[in-house]
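Working notes, structure below.
So you know, we letter chains A, B, ... as the sequences are listed, proteins then strands, and number each from 1. The figures here come from the full heavy-atom set of this structure, side chains too, leaving out hydrogens, waters and symmetry mates.
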2 protein chains.
Amino acid sequence: MVAEKVFTQLRRGTLEFCVLALLQGEPRYGFELVKALGEVDGLVTTEGTIYPLLARLRREGLVETSWRESESGPPRRYYTSTAEGSQALAAFTADWQRFCTSVDKILQSGRRG
Amino acid sequence: MVAEKVFTQLRRGTLEFCVLALLQGEPRYGFELVKALGEVDGLVTTEGTIYPLLARLRREGLVETSWRESESGPPRRYYTSTAEGSQALAAFTADWQRFCTSVDKILQSGRRG
DNA sequence: CTCCGCTACCATGCGATACAAGGTACCTGC
DNA sequence: GCAGGTACCTTGTATCGCATGGTAGCGGAG
């Protein structure tokens, strides 16, 4: 899968905030996030990516965690966005749109030559 | 500038193809590319980024180079996109649009909680 | 009861790449 | 000649996604 390599680079910086977006208003646990992202084109990822990422978000105070028992299987650590997390997400969303606009403009400029 | 850090990550993977887009139908030299990108929101970069990147594109056969004298200053190495480069750019453009759509969808889903 | 497979957590090391910092060389104007 | 701008390039560092591997609880097959 050569084409997948492109997405690996594109994910950089965005994955963090995609997770944050998924946590808005709805607590989720790590494994669930992996599956949720796996259903979205270009965002497929693994636990090895998600857990370090979540740890980082926790260190930065953008998410909080709590343990809950599961009916079937090991206990789950649920992640919830903090107010600071929502704020960071809003800031990123604005940056992301600026960035997209710029890239689109450049890509289009090379459309015909 | 903390906000700039976000763009540093976002540029990953896209910068390469933004350069390729700038080279469509119009040969340019490294220093010129730095200045051209500097005028675009979120794509500001430096020579230390561009030259390794151009060397990579050359190794991969996506661009070709030729030296030209300058009327004022040192000679310039001009970069031109190959057919393979244009093809890679087209492929990336499609991937980029898929990716953008996915990210937009996720970011919007977290808009209201 | 034991083994296998699934869920769920986590840590460690690697690879790709943007960038900072520094170096060389040419040209123009003082 | 030397200061400053243009133009090229290299080396080292930081970031972050991911591959890999390890722990542990639960349920079903043998």
Subject >> For Ala88(B) against Leu62(B), the heavy-atom pair lying closest together >> reply: CB-CD2, 4.1 Å
**OP:** Tell me, please, which residues at least two apart from Arg58(A) pass salt bridge (Lys or Arg N to Asp or Glu O under 4.0 Å).
**Re:** none
Subject >> Any residue meeting ring pair (Phe, Tyr, Trp, His ring centres under 6.0 Å) with Phe17(A), in chain and number order, not counting sequence neighbours >> reply: Phe92(A)
**OP:** Round to the nearest Å and state the distance from Ile50(A) atom CD1 to dA19(D) atom P.
**Re:** 13 Å
Original post:
Partners of Ser102(A) by side-chain hydrogen bond (donor to acceptor under 3.5 Å, both in side chains), sequence neighbours excluded?
Top reply: none
Subject >> Touch class at under 4.0 angstrom, heavy-atom based, for Tyr79(B) against every strand present >> reply: sugar-phosphate
Original post:
Starting at CZ of Arg68(A) and ending at C1' of dC9(C), how long is that distance when rounded to a whole Å?
Top reply: 16 Å
Original post:
Whole-Å distance between dA8(C) C1' and Tyr29(A) OH?
Top reply: 8 Å
Original post:
Whole-Å distance between dC18(D) P and Leu54(A) CG?
Top reply: 14 Å
**OP:** Could you tell me which residues satisfy side-chain hydrogen bond (donor to acceptor under 3.5 Å, both in side chains) with Arg56(B), sequence neighbours excluded, listed by chain and number?
**Re:** none
Subject >> Partner residues of Thr93(B) under the side-chain hydrogen bond (donor to acceptor under 3.5 Å, both in side chains) criterion, sequence neighbours left out >> reply: none
**OP:** Let me know the distance between CZ of Phe31(B) and C1' of dT24(C), rounded to the nearest Å.
**Re:** 14 Å
Original post:
Which pairs count as ring-ring contact (aromatic ring centres under 6.0 Å, His included) when at least one residue sits in residues 20-60 of chain A, sequence neighbours excluded?
Top reply: Tyr29(A)-Tyr78(A)
Subject >> Nearest-Å distance for atom pair CG/P, residues Leu43(A) and dC18(D) >> reply: 10 Å
Pairs: protein N or O with nucleotides 17-19 of chain C N or O, under 3.5 Å:
| residue | atom | partner | partner atom | Å |
| --- | --- | --- | --- | --- |
| dT17(C) | O4' | Arg12(B) | NH1 | 3.0 |
| dT17(C) | O2 | Arg12(B) | NH1 | 2.9 |
| dT17(C) | O2 | Arg12(B) | NH2 | 2.7 |
| dA18(C) | OP1 | Gly13(B) | N | 3.1 |
| dA18(C) | OP2 | Arg56(B) | NH2 | 3.4 |
| dC19(C) | OP1 | Arg11(B) | NE | 2.7 |
| dC19(C) | OP1 | Arg11(B) | NH2 | 2.5 |
| dC19(C) | OP2 | Thr45(B) | OG1 | 2.7 |
| dC19(C) | OP2 | Thr49(B) | OG1 | 3.1 |

Original post:
Is the closest side-chain donor-acceptor distance between Ser81(B) and Gln24(B) under 3.5 Å?
Top reply: yes
Shorter than 3.5 Å, N or O on both sides, protein versus nucleotides 26-30 of chain C: list them out with atom names.
none

Subject >> Whole-Å gap separating P (dA8(C)) and CZ (Arg28(A)) >> reply: 13 Å
Original post:
Considering residues at least two apart in sequence or located in another chain, which fulfil the salt bridge (Lys or Arg N to Asp or Glu O under 4.0 Å) criterion with Glu26(B)?
Top reply: Arg28(B)
Original post:
Are OP1 or OP2 of dA11(C) and a side-chain N or O of Tyr51(A) less than 4.0 angstrom apart?
Top reply: no
Original post:
When the distance from CZ of Phe99(B) to P of dG17(D) is rounded to whole Å, what number comes out?
Top reply: 10 Å
Original post:
Using a cut-off of less than 4.0 Å, is there contact between a side-chain N or O of Lys5(B) and OP1 or OP2 of dA14(D)?
Top reply: no
Original post:
For DNA chain C, whose closest nucleotide is more 5', that of Ala55(A) or that of Arg76(A)?
Top reply: Arg76(A)
